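Chain identifiers are assigned alphabetically (A, B, ...) following the order of the sequence lines, protein sequences preceding nucleic acid strands; residue numbering begins at 1 within each chain. Remember, it's a predicted structure, so these values are computed and weren't measured experimentally.
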Amino acid sequence: MPHDLPKAYDPTAIEDRWAEYWVREKLFAQPTPGAGDSTAGKPFTILLPPPNVTGRLHMGHMLNQTEMDILTRWQRMSGRRALWLPGTDHAGIATQMMVERQLTEEGKSRQQLGRKAFVERVWEWKHHYGGAILDQMKRLGASVDWQREYFTMDERLSVAVREAFVRLHEQGLIYRGAYIVNWCPRCQTAISDLEVVYDEHKGHLWEIRYPVIGTDGKDTGEFLTVATTRPETMLGDVAVAIHPEDERYLHLHGKKLRLPLMDREIPVILDGWVSREFGTGAVKVTPAHDPNDFAIGERHHLPSINVMDDTAHINAEGGAYAGLDRYVARKRIVSDLEEQGLLVAVKDYTNNVGHCDRCKTVVEPRLSTQWFVKIQPLADKAIAAVKPGPDGEKAIRFTPEQYEKTYLNWMENIHDWCISRQLWWGHRIPAWHCSTCHKITVARVDPTACAHCGSTQITQETDVLDTWFSSGLLPVSVFGWPNITAENRRDFDAFYPTNLLVTGFDILFFWVARMIMLGCWFAGDVPMPDGSPRPLAESVPFKEVYIHALVRDANREKMSKTKGNVIDPIEIVKQYGTDAVRFTLASMASPGTDIAFNVARTEGYRAFANKIWNAARFLFMNVDRAAEIGIAVDPPALGSMPVVAADAPVEERWIVAELHSTAAKVNQSLENYRYDDAANTLYQFFWGSFCDWYLEIVKLRLDFSETADKAGTKAALTTLVGVFEAALRLLSPFMPFLTEEIWHALYDGNPPAKSIALTSYPSASNRDIDSRTQYRMILLQDLIRVIREERKNRDIPERESVPMFVIAGSIRDFGTNPDELIKQNSEIVQRLAKISTITTIKRTDVGKEDLIWRSVGYTEIALVHEKQVDVPAERERLTRDIAKYEKGLAAAERQLGNESFLAKAPAQVVEGLKKQESETRLLLEKAGAALDALPKE
RNA sequence: GGGCGGUUAGCUCAGUUGGUUAGAGCGCCUGCCUUACAAGCAGGAAGUCGGGGGUUCGAGUCCCUCACUGCCCACCA
C-alpha cells in the first residue's frame, strides 16, 4: 500500500476490505489464558448485549456498538487484555412469532407441525438468517472476539440454564402455582410484568346493578350497583366488595346478590381495599381475572372462576356466552344487561390498558398455573451490590449516576418473577410431572422415573423459560459456569467479573437487573482462584454500567416503524461511511441526553474524514518529493511520540505540545465516558490546529530546491509525520477504517504491526505539555487573525501582499515580548497573513500619522495600502468594541472596588481580573484613539 | 399517584467542585478555484442561559417556586 492515495476519500473503497481483514486475521481474539497466565495483564472485559437472532441493526445498536468499540479499542491500545464478547439471543417470543408467520404464509400452523418439527424448523430458520445482525456488526468493524461467539441456546449455555433452575429449585426459590399473570391471547403465553406496556385508552365505565336477594331467596327489589371497565369478567364474579365503613351499603353486608346473566348467588363482603370514592363504591370481585380481586379472593377464601380460554374467548364457565371472543362477549353482555334494565350508566372513562410488548395485543390478566422465582433473596444481594458496602465502595457503579436510583427503586419493590412461558422455542423447564403421584421431579439429567414414587409415568413440563432467564446468566455462563473446575476455570478467573456493561435504559430491568441478581447469586458460590470465598465485589457480573441515550430522529421524535422515521444505519453508512457515522454518534453521545440523529452532522464528519485523507496525501506528497532529492524520512517507530529539539521552530514545538494536550484530554474524557468531549477534542486538534495552522506554517519549511536546508526540511518532515501518525492512533478507536488505511499507507505497506488497532494509544501527562509555547502561538495566531480582519475591512485583495508596521513595545507577558515574537516568526506572519515586509518603528517616529493602527494584546500594527478603511463601517466596529470594553471594564472595576471580593476571592481570580482590567483599559484607549483618528465624514 | 430528567445562538448540543467578557458543529452573511482538501480557505453576524425569588464578594452552575416539556414506575375496579 504505497503513498498513492486516490484523490478523494471514498469509504466504500476501503471499509469492506478492512472489516474482512480484521475478522480473517482474528486480530481481536482473546483466547483462554494459558496455565499460570490467568492473572497476567489487567483485562478489560465487556459483553455485547446480545441482539435477538431475529434482529436487524438499528441506530440504537450502532450507538451501543460504537461506544463499546471505542472503549474496547482504546483499552486494547492502552495495553490491556481486551475481550469484547459477542453473541445472539434466541428471543423466545420474537423468534417463534417470526417462524409462525412464515408457516402461516405456507398455509400451515405450528400445531399442525407439532412441537418437535416446529422447533427443528426454528433452528433451521436460525441457521439461515440468524447471523444477519452479527454480519452487520462485522461490517461496522466491531472489534469483538468472533472466536467466542455464542448463542443462548448453545449446548453449554443450556447446561448453565438448567443448572441455575435446578439449583434455585433446590434452594426453595422456585415455585409453581396458580396466580394472576399477564396473559397474551395472541402469543398464548404468560408474560412478565415488564413485558406489558401500558397505554391510555378511552373506554367506558359500565355501572351495573346486581339484585339483592332476601332471606326468602327472592329478589328484594333492591340493587347494589357496581362499576367495571371489563363487563365480560362479570361472568366470573364470585362476590361484591364494599368498604367496611361505607354507610351506604353496610346494611347489605352478609346478604346475597343475584349475579345477572349467570343467575349465581354471590355474597356481599367487606374489604378495606375498596375505595368509597371510586365508581359506585362497590366492586365486583373476579379473582380469576384481576390481581386485586385475586387478593380479595384469597383474603375471603372465595373460589376463582376462570371464564376465558388461552385465546381470550369465553369458556364453558361463561354459560350462554361460551365461545365468544372477549370483546364480542362484552358487547353482548352490555346489551343483554340493558335489555334487562340492569345497566345503570355508561360513563366515558380513560384508563391504562396493558398491551403485549411483542405483539401489542391487549393483555388479559388471568389466573393460570406458572413457575415463579422467589426473588427477594436474590434482590437483596442485587441491592447490596449497588449500595455502598462497609468499605464505602459500591461493587457496581452506574453512569449516569441517576440510574442507580431508578434501579434501586425497582429492586426494592420487586415482585416474584414469572419465568414460565407457554412457548415451544426456548429452554424447556427441566421438570417432570408424575401421573401416578402427581408430584414434580426437577433434575439436572432427564429422569426416567418419578423421584417421589418411582413411577415411570412421567412427562416433561411443556413450558419453556423466559428468555431473560438465560440471558441473565450470560456473564457467568459465557465463561464456563457451572463447569468451574481446577482445570476449567481460566476464562472465569481471567474475565469474571466483566468490567463494564454498555446498554440502553430500556433493558435496565429486563436484563441488567436480572444479570446482577443471577450473577451475584451464582458467581457468589464460586470460590476465588486461591480458594477463598468470593466477596460481593467479585461476584457481580460487571463493575460498571454505562447507560446510553436513545437515538431519536432529527426532530427528536422516537424512531418507530409506524411513524416511518426509522433511520437505517446501514443506509447512512453506505452514504457517508462507517467512520463518519461512528464519529457522529460519538460526538453526540453525552451521558444522559438523547441523541437527535441528524445526517447534516454526519455529512460534516465525512468532510472531517476527507480532511484527514487529504492531510495524508499532502504529507505523502512531500515525503516523496523529499525522497527524490535524497532526504529520507523514516516513518515513526512503533508506538513512539514525536520529540522536538528545544530550538526547533515554534510551530513544531507547538504542534507537539498540542498533541500532548490532546492525548491527555482524550484519555481523560474516555475514562469518564465522555465520548463527545473526546471526539470534539480530536476534531478540534486535527482540523483546527494540525491542518489550519501547523500544515500551513510547515509549508515554509518544505523546501526541495537545490539550495534547500536539507536538515531543516528533514526535521520538519519528521515532526510532521510523527505528529500525524500519533494523531491517527488517537483517532483510530473512533474512525478505525480510515486510520487503518492511511496508517498502512504511511508505512508504505510495511507497517510495524498488523493493525493500527494493535499499536499503543498516545498518552501524556501535564509535564509533557509545553504551555509556554502554546501561549506564544496563541499570540501569533491572534496577530494573524487581526491582520486578516483588517485586510478584510479594507477590502485588500486576498492575493496581494502588503507591508506592515509594528510599534515597538517592551511589555512582556508570560516572558514573551510580542515584538520579539513577531520578529522571530516574521516568515510565518508574512505567509499566513500575506504581509510583504514587517518594519518595526518607535511610537515617536514621525510621518506615520496617517496609518490605521490596530491593537493585538500589547502591540500595535498597521498595514500600508492605498485602500483606506470603509469609514462608516470602521466607526461602527470601533463603537461596538468600545461599548464592549467599557462594559467589561466597568464590571471589572466594580469587582475590584469591592472589598469583600478582594478579601474573599482566591488570589488567582483577583490577579486574573486585574490583568483583564489592564488589558481592557489598554484596548479601550486604543480603540478610542482609533475612533478619534478616523476622518470626520 | 409517585419518581427522574430537560429548558443555553436559527437548529443540535457542550459548559467539570460557583470564579475573569458563556463555547462547538451545522445553518446563515461576505470574500476567495491560495496545486492536500470547494467534502475546501479566510472573515463575520447571532444568546435578557425558560419566568420569578433567594444564598454569595461573585450564579448558566447552589436553594426555593412557577411554567412548559420528555421519560420511568404504580394492582384503584
Inset, instruction - Assign R785(A) to base, sugar-phosphate, or nothing according to its heavy-atom contacts below 4.0 angstrom with the strands shown. - result: sugar-phosphate
Legend entry - Whole-Å distance separating the CG atom of L720(A) from the C1' atom of A36(B): 11 Å
Inset, instruction - Quote, to the nearest angstrom, the C1' distance that separates A59(B) from U8(B). - result: 14 Å
Legend entry - Proximity to the side chain of M621(A) - top-ranked nucleotide from G44(B), A39(B), A36(B): A36(B)
Legend entry - Nearest listed nucleotide, side chain of A596(A), among C41(B), A14(B), U12(B): U12(B)
Legend entry - Nearest-angstrom distance from the residue atom CD of E800(A) to C1' of C32(B): 14 Å
Inset, instruction - Round to a whole Å and report the spacing from CG of L695(A) to P of U34(B). - result: 18 Å
Inset, instruction - May I ask you to evaluate whether R788(A) reaches the phosphate of G43(B), defined as a side-chain N or O under 4.0 Å from OP1 or OP2? - result: yes
Inset, instruction - Specify the separation, in whole Å, of atom CD1 of I547(A) and atom P of C72(B). - result: 14 Å
Inset, instruction - Examine C41(B): is either OP1 or OP2 under 4.0 Å from a nitrogen or oxygen in the side chain of W687(A)? Give yes or no. - result: yes
Legend entry - Among G43(B), G25(B), C75(B), the one nearest R601(A) by side-chain distance: G25(B)
Inset, instruction - Classify the side chain of E798(A) versus the base of G31(B) as yes if they form a donor-acceptor pair under 3.5 Å and no if they do not. - result: yes
Inset, instruction - Keeping the roles fixed (side chain from R617(A), backbone from K7(A)), state whether a donor-acceptor pair exists under 3.5 Å. - result: yes
Inset, instruction - With the side chain of E789(A) defined as its heavy atoms from C-beta on, choose the nearest nucleotide among G44(B), A42(B), A77(B). - result: G44(B)
Legend entry - Assigned partner base of U61(B), Watson-Crick or wobble definition, under 3.5 Å: none
Legend entry - Residues R276(A), D246(A): salt bridge by 4.0 Å N-O rule: no
Inset, instruction - Would you please indicate if the ring centroids of Y683(A) and Y605(A) are separated by under 6.0 Å? - result: yes
Legend entry - Nearest-nucleotide pick for V283(A), side chain only, options being A36(B), A77(B), A42(B): A77(B)
Inset, instruction - Give R799(A) one of three labels, base, sugar-phosphate or nothing, depending on what nucleic acid heavy atoms sit under 4.0 Å from its own. - result: sugar-phosphate
Legend entry - Assigned partner base of G25(B), Watson-Crick or wobble definition, under 3.5 Å: C11(B)
Legend entry - Where Y675(A) and A589(A) come nearest, the two heavy atoms and their spacing: CD1-O, 3.9 Å
Inset, instruction - Would you mind telling me which of A74(B), A36(B), C75(B) lies closest to the side-chain atoms of F618(A)? - result: A36(B)
Inset, instruction - Scan Y198(A) against the nucleic acid and name what it touches under 4.0 Å (heavy atoms): base, sugar-phosphate only, or nothing. - result: nothing
Inset, instruction - Report the residue (Q668(A) or K405(A)) whose heavy-atom-nearest nucleotide on RNA chain B is the more 5′ of the two. - result: K405(A)
Legend entry - Contact nearer the 5' end of RNA chain B, comparing I784(A) with M588(A): M588(A)
Legend entry - Residue matched to G47(B) through Watson-Crick or wobble contacts both under 3.5 angstrom: none
Inset, instruction - Starting at atom CZ of F690(A), determine the distance to atom P of A36(B), rounded to an integer number of angstrom. - result: 14 Å
Legend entry - G52(B) versus G60(B) - spacing of their P atoms, nearest Å: 13 Å
Legend entry - Length of the line joining Y349(A):OH and A77(B):C1', which is rounded to integer Å: 8 Å
Inset, instruction - For G1(B) and C11(B), measure between their P atoms and round to the nearest Å. - result: 33 Å
Inset, instruction - Taking only the side-chain heavy atoms of R606(A) (C-beta and beyond), determine which of C26(B), A36(B), A39(B) contains the nearest atom. - result: A39(B)
Inset, instruction - Any strand is fair game: report the nucleotide pairing with G40(B) by Watson-Crick or G-U wobble, both distances under 3.5 Å, or none. - result: C32(B)
Legend entry - Any donor-acceptor N/O pair, N610(A) side chain to R606(A) backbone, under 3.5 Å: no
Legend entry - Polar side-chain atom of R791(A) near backbone of P797(A) as donor-acceptor pair, under 3.5 Å: yes
Inset, instruction - Using whole Å, report how far NZ of K7(A) lies from C1' of G40(B). - result: 15 Å
Inset, instruction - State whether the distance check finds a donor on one side and an acceptor on the other, under 3.5 Å, for side chain K284(A) versus base A77(B). - result: no
Inset, instruction - Starting at atom NZ of K611(A), determine the distance to atom P of C41(B), rounded to an integer number of angstrom. - result: 3 Å
Inset, instruction - Answer yes if the side chains of D348(A) and H204(A) hold a donor-acceptor pair under 3.5 Å, and no otherwise. - result: yes
Legend entry - Base-pairing assignment for G1(B) (Watson-Crick or G-U wobble, both under 3.5 Å): C73(B)
Legend entry - OP1 or OP2 of A77(B) under 4.0 Å from side-chain N/O of R276(A): no
Inset, instruction - Kindly give the heavy-atom pair with the smallest separation between N680(A) and S587(A), and that separation in Å. - result: OD1-CB, 4.0 Å
Inset, instruction - Could you please name the partner base of C68(B), counting Watson-Crick and G-U wobble pairs only when both distances are under 3.5 Å? - result: G6(B)
Inset, instruction - Please tell me which of the listed nucleotides, G43(B), A77(B), A74(B), lies nearest to the side chain of V274(A)? - result: A77(B)
